Each structure stands twice: as structure tokens, then as C-alpha cells.
Amino acid sequence: MSDPAPFFLTTAIDYANGEPHLGHAFEKIGADVIARYQRQAGRAVHFLIGMDEHGQKVAQTAEARGVAPHALVDEIAASFRAMWARLGISYDQFIRTTTAEHQEGVRALIARIFERSPDDFYEKAYEGWYCVGCEAFKNDAELVDGKCPLHPTRELQWTRETNWFFRLSRYQPFLERLLRERPAFCQPESRRNEILGLLAQGLEDVSASRSRFSWGVPFPRPTSDGETQTTYVWFDALPNYLTATGFPAAGYEARWPAQLHVIGKDITRFHCVIWPAMLEAAGLPLPERVWAHGFVQLGGERFSKSAGVKLELGEAIDRFGPDAFRYFLLREVPFDGDGNFSWERFEERYTADLANALGNLASRTVAMVEKYCDGRVPAASDAAVLAADAADLAAYHAAMDGSRGYLLHEGLAALWQVVFRANAYVQERQPWSLSKDPARRDELEAVLGTLVRQLAPVAVALAPFMPAKAQELWESLGGAGRAEDVRFAAVAALDPTGWRVHKGAGLFPRPEPPRPAA
RNA sequence: GGCUGGGUAGCUCAGCUGGUGAGAGCGCACGACUCAUAAUCGUGAGGUCGCGGGUUCGAUCCCCGCCCCAGCUACCA
């Protein structure tokens with residue numbers, strides 16, 4: 001067999017300026033499902049996540065708290081990693097932009113652009129109103145009565161600063177061709193349309209360095225007056241995907257280019273415009289695809305710390321456990337658009353989908369195999385039912401494998417069709433009636449054999465979403481080893497005949513125990 | 001303002017290039033069953049398919065106008 005095809009996927013690196021929240025979690029969970037799915041599809045997956053730890057805000061926060069920036073970002077990175085461990089995020093690599101390796105990679109990338117495309121960096125004086133309070137330039141649209149709305153008591157200063165600029169405008173034709181010839185480069189389609197609209201307006205050059213803060217990567221070339229500036233955000237943050245491969249050290253080509261960048265829709269522009277232009281300027285291959293997911297809103301509103309619109313991640317995870325939380329987010333929030341988190345929907349979905357539909361199906365199936373077949377899975381099955389399931393499993397893969405994008409919510413919906421069919425099948429065949437008639441023993445065994453053959457593929461297909469619960473289900477059916485180690489290609493040949501089922505504690509206990517009738 | 005997408009049952013949404021009675025899940029009501037986690041299965045609700053025109057034998061799906069919502073309109077990472 002040939003070597004498995006590589007699948008290098010990344011998420012946006014998270015800005016080290018606060019604790020992980022629901023938005024961070026949604027992206028990591030979605031990317032984790034894709035990573036786990038691709039592993040089971042047989043790809044050689046490398047899953048990268050990490051932290052963006054430079055920039056003015058980090059330095060300011062550290063100062064305000066009276067700690068060194070390094071100490072601050074160490075603490076925040078630890079907090080993120082703890083959260084990802086709790087959510088079962090199966091990343092292979094965790095990159096931090098403050099490491100020496102990343103910084104050297106950034107400088108090498110910039111040096112390479114200077115070398116390959118010498119005209120792409122140039123010095124330019126930037127003039128504008130500078131707010132000392134924000135430590136940032138303000139454009140006219142941001143001003144209120146000629147003052148910074150955040151610091152109205154301070155006078156704005158008309159300031160002139162010379163920076164390195166990147167000639168992004170030069171790449172407009174290149175980018176237009178890229179999006180036209182490779183529509184999958186920027187997905188979903190709605191985001192690609194936005195980028196096409198942006199390109200139609202014309203691109204302006206962007207600054208690549210700043211002189212007013214130092215918590216960052218020193219720009220490799222001093223300005224003509226001898227000043228060494230600090231690399232500006234996109235030239236520091238975006239290259240993490242590349243520096244994670246070891247670039248520029250030999251061997252990075254084994255991993256680069258990435259197959260997939262999973263990002264939030266708010267940073268589509270940086271990933272679908274600036275990043276490919278940078279890579280092209282450096283003469284490096286482009287990633288295969290950028291997937292921009294939407295946002296999880298709370299009660300129909302966007303997060304807002306100031307308005308108190310936020311969710312305690314830990315509380316949500318504790319409600320029904322990490323797997324149920326993963327399931328809920330990806331079932332309820334379409335991965336190509338926005339969705340909503342509410343406690344009410346969470347409990348509804350948990351009860352209806354997990355406890356009643358799937359959990360109870362597993363429970364009744366295992367109980368009947370124990371009761372009627374001494375716990376051994378019979379050899380017989382119903383081909384018509386399994387054929388119908390096969391169509392749903394195909395729909396699951398079509399939603400998951402990237403061929404139509406990454407429609408994780410549709411993948412789950414397809415899987416639940418199998419669950420619904422199995423429950424209806426039980427009702428239709430009534431194995432408890434069959435069990436009373438010895439002459440119908442064959443029928444009884446076929447029904448129970450079918451149910452296990454319906455659930456086993458569900459356990460395998462569910463493993464990317466709910467790794468721990470899928471394993472519990474797999475073991476209760478009597479499957480050997482780990483569900484997540486079962487390749488999708490091997491599912492069709494799976495033969496549960498003779499498996500020994502185990503009645504477990506119950507996959508998804510109901511939220512409130514039933515009360516005895518009064 | 002411009003561009004993109006959307007307004008379909010109480011909620012979340014499917015409805016491919018126009019055509020027999022407009023769908024799914026959840027929730028709700030009633031019925032059935034008892035293997036199972038008081039779970040499951042079936043049936044139902046009578047939704048102006050945003051509003052007004054138009055094209056057509058016929059439009060939720062095409063065209064025009066209008067109303068409403070969301071996103072984008074580049075230095076926050």
C-alpha cells in the first residue's frame with residue numbers, strides 16, 4: 001500500500017489576551033472533528049493549534065497586571081491547553097508565536113520575500129491621528145468630534161511614522177485568478193463572494209512593521225534611518241502555519257503546504273488575501289483550502305463582555321459532559337454559518353437526540369440481545385434495512401469528507417437517520433413478541449442482528465464527534481479495540497456475529513431521574 | 001450608500017434547472033406498544049412559502065419594485 005496522503009490542518013492561533021471562550025471552543029471542536037474524521041479515513045493527519053502571543057494589547061495587559069509579558073502568555077497558554085485537554089481536542093502540535101523557532105521562521109519568510117520579490121517591501125511614511133491612550137492610529141471614521149471615543153479627554157496627535165509596507169496591491173490579479181480557478185480555496189461560497197467583492201474594490205498595500213511597540217518579532221531589515229521595527233501582526237501571526245513545519249529548516253516541505261486552515265469568518269480576509277499574497281511573494285506553495293466557520297451567538301446576541309453576554313465554558317461542559325457539549329455545538333450550529341447557544345436548546349437536544357433516541361436505542365438493543373440471545377450477537381440480519389442505512393452513511397461521508405465543504409451538522413443529521421430507522425424497526429418487528437413464538441426464532445435473531453449492525457457503524461462514525469461516548473457504545477455492543485481506530489473503509493466488512501454485548505451504565509442518562517408517581 | 005446572502009409550520013431549518021395534495025427535526029395534542037434511560041412508534045396541526053406587481057397553461061422556486069434581517073466595505077489580533 002502507498003503511504004497515506006497527508007492532511008495538515010490548522011486552526012487560527014488564539015490571541016493571548018483572555019481566557020478561552022465559547023467561540024474558541026467551537027472552532028477547536030469543529031477542527032478536531034475534521035481531524036479525527038480524516039484519521040479514520042486513513043489520512044496522515046497533523047493537527048496544529050496554538051497561540052498568538054505578541055502585540056500591544058498583550059504587553060499592555062502584562063504591564064497593567066505587573067507581570068512580565070512572558071509570564072502572562074505562559075499562564076494564558078496553559079489555560080488554553082487545559083481547556084483543549086478537557087474538550088478532547090486531539091491536536092498534534094501546539095505552536096506559540098513567542099518561541100525562538102517561530103520568530104526565526106518569520107524572519108526567514110520576510111527575508112525570502114526581500115530576496116524573491118525585492119520590490120514588494122518598501123518604506124513609506126504614514127501620517128494620521130495618533131491616540132496615546134490606545135497607542136494606535138485612528139482613521140476619520142473612528143473619531144467622534146475629532147477625538148478618540150475611548151479617550152475623549154486626550155488630545156490626538158498628528159503623527160508621522162515610517163514603516164515597512166508590503167505591496168499587496170500587486171497581487172490583485174494573482175488573487176482574482178486564484179479565487180476564480182480554485183473556488184475551493186476559500187469556502188464556504190458566501191465567504192468567497194465577500195473576498196471577490198473586496199478584490200473588486202481594489203487592494204491597498206498593508207504595513208508590515210511598526211515602530212511603536214516592541215513585544216513582537218524584530219523586522220529583519222532596519223529602515224533607512226537605522227531603526228529596527230517590530231513585525232506587524234499579519235506578518236507575525238499568519239506564518240505560524242508555515243513555521244510550525246520547521247520552515248526554513250530542511251524538511252519543512254514534507255508538511256507544507258497545509259491542506260486546510262479552519263478559521264473564523266472575521267479573519268477570512270487575512271487568510272484569503274494577505275496570506276496567499278505573502279506566500280506567492282516568497283515563492284512558496286499555497287494552502288489547499290481555507291474554511292471560514294461562523295459564530296456561536298448567545299440567546300441571539302453576539303458575545304459582549306461589557307453587555308454581560310457570555311457563557312461560562314466550564315459550566316456548559318459540566319452540564320452533560322464534554323462529548324455532549326461537542327455534539328450540541330456541532331449539531332445546532334451549522335459549520336458554514338452562524339448559530340445559537342441556549343441552555344433550553346442544549347437540554348432539548350440532549351434529551352431528544354442523545355438520551356431518548358440514541359442512548360435508549362443502545363440500551364434496548366443490548367438488553368434484548370442479552371435477554372433473548374444470551375448476550376451473543378446473532379449472524380442473521382435484514383438486508384433491506386442495512387441498505388437504507390448505507391445510503392445515510394454515504395450522506396454522512398459526503399457531508400464530512402470536504403467534497404462539499406465541511407458540513408458537520410449535516411453529517412450528524414444523516415447519522416441520526418440511522419438511529420430513527422432503527423427505533424422504528426424495533427417497533428415494527430416487535431422482537432418481544434417474536435420471542436414468545438419459538439417458530440419465529442429466525443426472525444427474532446435477524447432483527448437483533450440487524451440492530452447491532454446498525455449501531456456498530458454509528459459508533460464508528462460518531463467517534464470523531466464524541467470520542468468517549470462512541471467508545472462506550474462500541475464496547476457495549478461488544479466491539480474489540482477502539483472505535484476511533486476503525487477505518488471507514490473497513491466498516492462495510494465489519495462482522496459483529498458472536499460479539500458479546502455488555503449492558504453498561506447507560507450512555508446518556510436523562511437529566512432528571514424519573515419520579516415515582518405520587 | 002455599495003456588494004453578498006437571506007426572509008417557508010411555535011422554534012431551527014430542507015426545498016436541485018418553475019408543475020400531481022408545500023416537507024424534516026424539535027416542541028405540542030391524541031392514539032399504539034412495553035424490549036428499553038417514564039424511553040419508543042404512529043397520527044394530527046389546517047403555515048397569506050416577507051409585501052405588491054409581472055411573465056407563464058401553471059411560481060415558494062423566474063423578472064421588476066418595496067420592506068425587514070445578517071455579513072462584508074481592510075492595520076483589532
Side-chain angles (χ1 to χ4, degrees), chain A residues 12-17 52-58 97 126 128 134 136-137 139 141-142 163 165-166 168 188-198 200-208 210 232-234 236-238 264-270 273-274 292 294-295 297 302 331-334 337-340 342 344-345 348-349 351-372 409-410 413 416-417 420 422-435 444 447-448 451 503 505-517:
Chain A
I13 49 177
D14 298 313
Y15 195 47
N17 196 40
D52 177 10
E53 301 183 326
H54 286 137
Q56 230 174 166
K57 277 189 191 167
V58 172
T97 57
Y126 181 83
C134 297
F137 284 95
N139 59 41
E142 292 174 296
N163 299 129
F165 271 70
F166 175 64
L168 181 64
E189 189 69 19
S190 54
R191 305 269 84 97
R192 175 171 167 265
N193 285 340
E194 287 178 3
I195 298 301
L196 286 171
L198 190 76
Q201 291 176 43
L203 294 178
E204 289 175 23
D205 294 345
V206 295
S207 52
R210 281 296 160 85
Y232 198 52
V233 43
W234 23 69
D236 179 351
L238 289 166
K265 63 180 184 180
D266 54 330
I267 52 176
T268 315
R269 199 173 55 229
F270 305 129
V273 175
I274 298 179
F295 293 140
Q297 304 188 318
R302 282 197 65 168
R331 182 69 186 80
E332 186 76 1
V333 182
D338 295 344
N340 201 38
S342 77
E344 188 185 15
R345 290 289 289 176
E348 278 176 9
R349 284 242 176 245
T351 303
D353 298 358
L354 297 181
N356 293 355
L358 177 60
N360 182 56
L361 172 65
S363 172
R364 68 200 308 205
T365 299
V366 168
M368 286 190 286
V369 172
E370 286 202 334
K371 186 180 285 189
Y372 304 136
H409 55 296
E410 288 190 13
W416 252 255
Q417 292 304 312
F420 293 146
N423 273 321
Y425 181 62
V426 175
Q427 186 66 28
E428 183 196 335
R429 299 310 314 273
Q430 307 203 357
W432 53 91
S433 300
L434 298 176
S435 74
L444 173 65
V447 171
L448 298 184
L451 288 173
K503 200 163 187 170
L507 272 182
F508 303 103
R510 288 180 62 78
E512 288 156 85
R515 302 175 59 182

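Bear in mind that the values here come from a model prediction, so they are computed numbers and not experimental data.
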- prompt: Base, sugar-phosphate, or nothing for A:D205, non-hydrogen atoms under 4.0 angstrom?
  reply: base
query: Atom OH of A:Y425 and atom P of B:rA36: how far apart are they, to the nearest Å?
result: 19 Å
- prompt: How is A:I13 classified with respect to the nucleic acid when contacts are heavy atoms under 4.0 Å: base, sugar-phosphate, or nothing?
  reply: nothing
task: Please determine, for B:rC66, whether a Watson-Crick or G-U wobble partner exists with both distances under 3.5 Å, and give it or none.
output: B:rG50
task: Could you check whether A:A355 gets within reach of a base, just the sugar-phosphate, or nothing at all, counting any heavy atom under 4.0 Å?
output: base
statement: Whole-Å distance, A:R191 CZ to B:rC72 P, equals 7 Å
- request: Take atom P in B:rA59 and the same atom in B:rC51, then report the distance between them in whole Å.
  value: 15 Å
task: Specify the separation, in whole Å, of atom CZ of A:R364 and atom P of B:rC35.
output: 11 Å
- prompt: Between B:rU37 atom C1' and A:F508 atom CZ, what is the distance in whole Å?
  reply: 12 Å
query: Has the side chain of A:N360 got a donor or acceptor atom sitting under 3.5 Å from an opposite partner on the base of B:rA36?
result: yes
message: Between B:rA45 and B:rC28, how many Å separate the two C1' atoms, rounded to a whole number?
response: 9 Å
Position toward the 5' end of RNA chain B (nearest nucleotide), A:Y372 or A:D353: A:D353
- prompt: Are A:K503 and A:E370 within salt-bridge range, i.e. N to O under 4.0 Å?
  reply: no
- request: Could you tell me the separation between the CG atom of A:L196 and the C1' atom of B:rG5, rounded to a whole number of Å?
  value: 14 Å
- prompt: For B:rA9, which nucleotide in any strand shown is its Watson-Crick or wobble partner with both distances under 3.5 Å?
  reply: none
Gap in Å between the two P atoms, one belonging to B:rC64 and one to B:rU4, rounded: 12 Å
Worked check of side chain to side chain contact (heavy atoms under 4.5 Å, CB included) between A:H54 and A:V58: CA-CA 6 Å; A:H54 286 137; A:V58 172; over 6 Å; no
query: Is there a side-chain contact between A:K265 and A:D338, using heavy atoms and a 4.5 Å cut-off?
result: yes
task: Pick base, sugar-phosphate or nothing for A:Y15, based on heavy-atom distances below 4.0 Å to the nucleic acid.
output: sugar-phosphate
- prompt: Is B:rG1 paired to anything, Watson-Crick or G-U wobble with both distances less than 3.5 Å, and if yes, which nucleotide?
  reply: B:rU73
query: Can you find a heavy atom in the side chain of A:R510 that is under 4.5 Å from one in the side chain of A:T351?
result: yes
field: Residue A:A424, side-chain atoms from C-beta onward, closest of B:rC41, B:rC33, B:rG2
entry: B:rC41
query: If only side-chain N and O atoms of A:R510 are considered, is one of them under 4.0 Å from the OP1 or OP2 phosphate oxygen of B:rA39?
result: yes
- prompt: Roughly how many Å is it from CD in A:E348 to P in B:rC28, rounded to a whole number?
  reply: 8 Å
field: 4.5 Å side-chain heavy-atom contact, A:I267 and A:W234
entry: no
- request: Please state how far atom CG in A:L448 lies from atom P in B:rC35, giving the value in whole angstrom units.
  value: 13 Å
- prompt: Picking from B:rA74, B:rC35, B:rC26, which would you name as closest to the side chain of A:L203?
  reply: B:rA74
- prompt: If we only count heavy atoms from C-beta on, is the A:P431 to A:V426 side-chain gap below 4.5 Å?
  reply: yes
- prompt: Taking the side chain of A:Q427 as heavy atoms from C-beta outward, which of B:rC75, B:rU40, B:rA36 is closest to it?
  reply: B:rU40
task: Determine the contact category for A:S190: base if any of its heavy atoms lies under 4.0 Å from a base atom, sugar-phosphate if only primed atoms, P, OP1 or OP2 are that close, otherwise nothing.
output: nothing
message: Please classify the nucleic acid contact of A:W234 as base, sugar-phosphate, or nothing, using heavy-atom distances under 4.0 Å.
response: base
- prompt: B:rA24 and B:rG15: how far apart are their C1' atoms, nearest whole angstrom?
  reply: 10 Å
Atom C1', compared across B:rC11 and B:rG27: separation rounded to whole Å: 8 Å
Base paired to B:rA32 (Watson-Crick or G-U; both N/O distances under 3.5 angstrom): B:rU40
task: Check whether any side-chain N or O of A:K265 sits under 4.0 Å from OP1 or OP2 of B:rA70, and answer yes or no.
output: no
task: Consider the side chain of A:A352, meaning its heavy atoms from C-beta on, and name the nucleotide among B:rG27, B:rU4, B:rC41 that approaches it most closely.
output: B:rG27
message: With a 4.0 Å limit, can you tell me whether A:N356 has a side-chain N or O closer than that to the phosphate oxygens OP1/OP2 of B:rU40?
response: yes
- request: Could you tell me the separation between the CD atom of A:Q297 and the C1' atom of B:rA70, rounded to a whole number of Å?
  value: 9 Å
task: Let me know, please, whether A:E332 or A:L507 comes out on the 5' side of the other along RNA chain B by nearest nucleotide.
output: A:E332
query: Between the main-chain N or O of A:L168 and the side-chain N or O of A:D205, is there a donor-acceptor pair closer than 3.5 Å?
result: yes
- prompt: Considering only B:rA74, B:rA36, B:rC26, which nucleotide approaches the side chain of A:R345 most closely?
  reply: B:rC26
query: Rounding to the closest angstrom, what is the interatomic distance between B:rG47 and B:rG23 at atom C1'?
result: 12 Å
query: With respect to the side chain of A:M368, which nucleotide from B:rU40, B:rC35, B:rG27 is positioned closest?
result: B:rC35
query: Base, sugar-phosphate, or nothing for A:G202, non-hydrogen atoms under 4.0 angstrom?
result: base
message: Can you check the distance between B:rG53 and B:rC67, where both ends of the measurement are the C1' atom (answer in whole Å)?
response: 15 Å
- prompt: Checking all strands, does A:G359 fall into the base, sugar-phosphate, or nothing category for heavy-atom contacts under 4.0 angstrom?
  reply: base
- request: Look at the side chain of A:N423 and the backbone N and O of A:A357, then say whether any donor-acceptor pair between them is shorter than 3.5 Å.
  value: yes
- request: For B:rU60 versus B:rG21, give the span between their P atoms, rounded off to a whole number of Å.
  value: 12 Å
